[in-house]
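Notes follow the structure.
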Amino acid sequence: MSADHNDTAASSGDTGKPPPHRLPRPCRFRLSFLLIIAVYPLITTLLYILMPLTSTWETWHRTLVITPVMVSLIVFLVTPTIQRHFGWYVLRMPRPQR
């Protein structure tokens with residue numbers, strides 16, 4: 001009998017846990033603004049480094065080299081840094097106290 005009761009409780013979705021807290025939706029405008037501020041110096045630096053080394057290359061060759069570097073920097077460095085330091089701003093929350 002108790003096995004039937006447990007099956008019924010599990011199937012009804014009542015696990016005894018409170019519902020998860022919902023975070024506010026991120027503001028895409030704020031995130032894009034921060035990404036532009038972070039990515040612009042990175043891509044400018046990459047171009048200054050790469051241009052003298054690839055002066056005889058076609059534009060698509062340079063782009064082929066720069067793209068994986070920039071995407072990797074954005075995914076593994078820029079975005080996590082923005083989330084860590086400015087997540088509150090992107091989520092429209094009050095600035096945390098330090």
Side-chain angles (χ1 to χ4, degrees):
M1 182 170 160
S2 65
D4 292 337
H5 176 69
N6 288 340
D7 290 342
T8 306
S11 65
S12 68
D14 184 20
T15 59
K17 296 179 184 176
H21 179 68
R22 299 184 95 175
L23 289 174
R25 292 185 63 195
C27 177
R28 291 183 182 188
F29 175 76
R30 290 179 177 194
L31 180 59
S32 64
F33 174 72
L34 291 171
L35 282 169
I36 289 168
I37 289 172
V39 169
Y40 177 78
L42 284 175
I43 199 155
T44 303
T45 303
L46 277 174
L47 286 171
Y48 273 116
I49 292 169
L50 203 61
M51 291 299 274
L53 302 173
T54 61
S55 61
T56 59
W57 293 14
E58 296 289 329
T59 302
W60 72 270
H61 291 130
R62 282 190 206 114
T63 307
L64 191 64
V65 171
I66 288 175
T67 302
V69 174
M70 273 310 301
V71 169
S72 297
L73 285 171
I74 291 170
V75 169
F76 295 111
L77 179 71
V78 174
T79 303
T81 302
I82 287 174
Q83 289 176 347
R84 186 178 320 114
H85 296 289
F86 297 103
W88 59 271
Y89 177 73
V90 174
L91 292 174
R92 302 178 200 146
M93 297 177 73
R95 185 176 188 166
Q97 299 297 321
R98 292 187 182 219

Hey, what do you get for CD1 (I36) to CG (L31), rounding to the nearest 0.5 Å? 10.0 Å
Which atom names give the shortest non-hydrogen contact between R62 and S55, and what distance separates them? NH2-O, 3.5 Å
Rounded to the nearest 0.5 Å, what's the gap from CD1 on I66 to CE on M51? Could you check? 8.0 Å
For L50 and W57, run side chain to side chain contact (heavy atoms under 4.5 Å, CB included): C-alpha distance rounded to whole Å, both residues' side-chain angles, the deciding distance at 0.1 Å, then the answer. CA-CA 10 Å; L50 203 61; W57 293 14; 5.6 Å; no
On a heavy-atom basis, which atom in L46 and which in M70 lie closest, and how many Å separate them? CD1-SD, 3.4 Å
Rounded to the nearest 0.5 angstrom, the CG-OG1 distance for L73 and T81 is 10.5 Å
Taking every non-hydrogen atom, the tightest pair across V75 and P80: O-CD, 3.3 Å
Please report the interatomic distance OH(Y40) to OG1(T45), rounded to the nearest 0.5 Å. 9.5 Å
Nearest heavy-atom pair of P68 and S72: which atoms, and what distance? O-OG, 2.8 Å
At what distance, to the nearest 0.5 angstrom, does CE of M93 lie from CH2 of W88? 11.0 Å
Joint hydrophobic cluster, F86 plus L77, side-chain heavy atoms closer than 4.5 Å: yes
Plane angle bin for F33 and F29 - parallel if under 30°, tilted between 30 and 60°, otherwise perpendicular: parallel
Spatial distance of atom CG (L34) from atom OG1 (T79) [nearest 0.5 Å]: 10.5 Å
Inspect the surroundings of OH in Y89 and state if more than 12 heavy atoms from other residues, nucleotides or ligands are less than 6.0 Å away. yes
Hydrophobic clusters here meaning ILVMFWY residues chained together by side-chain heavy-atom distances under 4.5 Å, can you tell me if I49 and V69 are in one? no
Please report the shortest heavy-atom distance between P52 and L47, naming the atom on each side. CD-O, 4.4 Å
